[in-house]
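Quick notes on the structure that follows.
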Amino acid sequence: MIATLTHLPQPKATNAELGEHFTDLAPPLNARQAAIESARCLYCYDAPCTRICPSEIDVASFIRNIHDHNVNGAAVGILKQNILGGSCSRVCPTEILCEDACVRNHEAEGQPVKIGLLQRYALDNMTITQHPFQRAPSTGKKIAVVGAGPAGLSCAHRLAMLGNDVVIYEAQEKSGGLNEYGIAKYKLTNDFAQKEVEFLLGIGGIEVRHGQKLGGNLQLKDLHAQYDAVFLGLGLGASRQLGLTGEDAPGLLAAVDYISALRQADDLSKLPVPKRAIVIGAGNTAIDMAVQIQRLGAEEVTLVYRRGFDDMSATHHEQDIAKANQVRMRTWAAPQQVLLDGDGKVCGMRFENTVLENGRLIGTGVTFELPADAVFKAIGQSMDGASLSDAMASAIKREGDKIHVDGHYRTVVPGVYAGGDCVAPGQDLTVQAVQHGKLAAQAIHHDILSKVEAA
């Protein structure tokens, strides 16, 4: 996928030196720090941090367990609600969720309890020798899960817990989805995504088949005929286009493709790195891309967004990370033209200044150019249309470019469910995808058993 950048030089630093730039963004708490931090919690009744958690983790309860030196109890309490609690403790935007709701914010110190780091402490330091959950008696039912990302893995685990057998079909070579391929390397280090998948599969009753792509060598109609139910955790696999001439020129690439290559690279010093880079976008992926290319050795990285800072979907915490890594940030500028050199390679981009007029974003006619050896677009993802191309799949109702589901994650096709980033409700968050998968599993289990009882 990064073949369009092969004309660019490689980093000057060695793999070992570059590796030092991709250690944990936030160092883990040690035992003393965890004890002090857990003592700050007020263990609120009907705690607002718990109410806002997308995966319904009982935050006050697990922090009290840490305070009482019951780390295993804290870990099991987290995993009961969120089987991917380890990755979520590292990537979840706690600053706008549980920590934002923490009552400590309203005191003189104005500092929330470090809930995310405490969650990581519990899960990194648990001493459970076997999988903490046991499978229920077999139901004799078998469910297909398409996608081994957070939604699919969560769904499969809960289905297996309830006594069902599950086969996961995954297009990529590895399981993990966004956690494996799409998160900044400094957020999930030391092959953590694979370790978490291995732990999750320890429940038993789950088979994973890689290299299986829906709409390619896998068809929904066949899965529907072979299994008692199908769950679609497809994610968003297609990058949106700028709609500009030159978008396929060498030097212009989707940010997610570069991030994926970076995360899978055995030797960071072999990656192509531009001297000057432009990142177009306003979300966490744009920030991840900008920060990582800077850490790889780019001399000048500019993130450009067509609206203002307050409109960015990246949190203020993420924006601060970018600024701390010397990423230049230009707002109120929309991409207008890809600039190419005499060889047809990217040499920069022209932007038009924008303003809001009567609530509408419009161009001012004033333009400026930024030189660049590479441009990375991070303007959002959409569902790969080829995934739902067979006759049965095309019958699934859409909302925009996402799948329509009811309150129990059922699609309009009986026996087919969906969750995670590919469905319309909610934000594109790992923790929310986990919750979708868990709740969909419960709905699937209820529905297939109801059919048995009715028969």
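Numbers for residues simply follow the sequence, beginning at 1.
In this structure, the separation between OG on S55 and NZ on K438 is 6.0 Å, given to the nearest 0.5 Å. Interatomic distance, L262 CG to I2 CD1, rounded to the nearest 0.5 Å: 8.5 Å. For the atom pair CD1 of I278 and CG of L252, the computed distance is 9.5 Å after rounding to the nearest 0.5 Å. Note that the NE2 atom of H317 and the CG atom of L25 stand 6.0 Å from one another [nearest 0.5 Å]. A distance of 4.5 Å separates OG1 of T411 from CD1 of I396, quoted to the nearest 0.5 Å. Taking CG of L153 as the reference point, atom CD1 of I83 lies at 10.0 Å (rounded to 0.5 Å).
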Check against side-chain contact (heavy atoms from CB on, under 4.5 Å), D58 and Q81: CA-CA 8 Å; D58 189 337; Q81 295 300 112; over 6 Å; no

side-chain contact (heavy atoms from CB on, under 4.5 Å) assessment of V146 paired with L223: CA-CA 9 Å; V146 182; L223 296 178; 3.6 Å; yes

Between Y305 and M312, does a side-chain contact (heavy atoms from CB on, under 4.5 Å) hold up when you go through it step by step? CA-CA 8 Å; Y305 177 45; M312 295 179 74; 3.6 Å; yes

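For the side chain to side chain donor-acceptor pair (under 3.5 Å) test, no residue two or more places apart in sequence or in another chain qualifies with D228. With sequence neighbours excluded, no residue forms a ring pair (Phe, Tyr, Trp, His ring centres under 6.0 Å) with Y169. In terms of the side chain to side chain donor-acceptor pair (under 3.5 Å) criterion, residue partners of E318 (sequence neighbours excluded) are, by chain and number, K187. The side chain to side chain donor-acceptor pair (under 3.5 Å) search around H210 returns S175, not counting sequence neighbours. Qualifying ring pair (Phe, Tyr, Trp, His ring centres under 6.0 Å) partners for H316, counting only residues two or more places apart in sequence or in other chains: none. Partners of F376 by ring pair (Phe, Tyr, Trp, His ring centres under 6.0 Å), not counting sequence neighbours, listed by chain and number: Y258.
Using a distance-only test at 3.5 Å, with no hydrogens or angles considered, no donor-acceptor pair links the side chain of R306 to the main chain of G281. Using modelled atom types, no side-chain atom of E196 and backbone atom of A193 make a donor-acceptor pair closer than 3.5 Å. Judged by distance alone, the side chain of D288 and the main-chain N or O of I183 form no donor-acceptor pair under 3.5 Å. S260 contributes no side-chain N or O that, together with a main-chain N or O of D257, makes up a donor-acceptor pair within less than 3.5 Å. Listed for the R64 side chain is no donor-acceptor partner under 3.5 Å among the backbone atoms of V59. Formation of a donor-acceptor pair under 3.5 Å by the R135 side chain with backbone atoms of A160 is found in this model. The main-chain N or O of G437 is never found under 3.5 Å from a side-chain atom of S154 such that the two would form a donor-acceptor pair. The backbone N or O of K142 lies less than 3.5 Å from no partner atom in the side chain of D165, so there is not a single donor-acceptor pair.
Cation-pi contact between R90 and F192: present, with separation from the ring centre below 6.0 Å and deviation from the ring axis of at most 45°. Remark: K323 is positioned above the aromatic ring of F309, its terminal NZ or CZ atom under 6.0 angstrom from the ring centre and at most 45 degrees off the axis. A cation-pi arrangement, defined by a distance under 6.0 Å to the six-membered ring centre and an angle within 45 degrees of its axis, is absent between R410 and Y417.
Atom NZ of K114 has 12 or fewer heavy atoms from other residues, nucleotides or ligands within 6.0 Å.
Counting only heavy atoms from C-beta outward, the side chains of L162 and T139 never approach each other to under 4.5 Å. The closest side-chain heavy-atom distance from Q435 to V431 is not below 4.5 Å. In this structure, the side chains of N15 and D266 stay at 4.5 Å or more apart for every pair of heavy atoms. For the pair Q10/L271, no side-chain contact is recorded, criterion being any heavy-atom separation below 4.5 Å from C-beta on. Two residues are said to be in side-chain contact when any heavy atoms from C-beta on lie closer than 4.5 Å; S394 and L388 fail this criterion. With contacts defined as side-chain heavy-atom distances shorter than 4.5 Å, the pair L236/K402 qualifies. Using a 4.5 Å heavy-atom cutoff, the side chains of D320 and T315 are not in contact. Residues H21 and Q294 form no side-chain contact, since every pair of their non-hydrogen atoms from C-beta on lies 4.5 Å or further apart.
The closest side-chain donor-acceptor pair between S313 and N284, if any, does not fall under 3.5 angstrom. No donor-acceptor contact under 3.5 angstrom links the side chains of R104 and Q111, judged on distance only.
K213 has a carboxylate O that lies under 4.0 Å from a charged side-chain N of D384, or vice versa, which qualifies the two as a salt bridge. Salt-bridge formation is detected for the pair D401/R240: a Lys NZ or Arg NE/NH1/NH2 atom is positioned less than 4.0 Å from an Asp or Glu carboxylate oxygen. For R120 and D24, the salt-bridge test passes: some basic side-chain N is under 4.0 Å from an acidic carboxylate O. K195 has no carboxylate O lying under 4.0 Å from a charged side-chain N of E198, or vice versa, which leaves the two without a salt bridge. Comment: R51 engages D46 in a salt bridge, judged by a side-chain N to carboxylate O separation of less than 4.0 angstrom. A salt bridge links K377 to E247: one of the charged nitrogens lies within less than 4.0 Å of a carboxylate oxygen.
Between L123 and G86, the closest heavy-atom pair is CD1-N, 3.2 Å. The shortest heavy-atom contact between A255 and A378 is CB-CB, 3.9 Å. Minimum interatomic distance between I168 and A148 (heavy atoms only, all atoms of both residues): CG2-CB, 3.7 Å. Across every non-hydrogen atom of P11 and V273, the tightest pair is CG-CG2, 3.5 Å. Between A249 and T4 the shortest heavy-atom distance is O-CB, 4.4 Å. The heavy-atom pair separating G211 from N217 by the smallest distance is O-ND2, 2.9 Å.
In summary, of the residues considered (K185, Q172, E180), a side chain to side chain donor-acceptor pair (under 3.5 Å) with Q264 occurs for E180 alone.
Aromatic ring pairs are classed by plane angle as parallel below 30°, tilted from 30° to 60° and perpendicular above 60°; the pair F133 and H157 is perpendicular.
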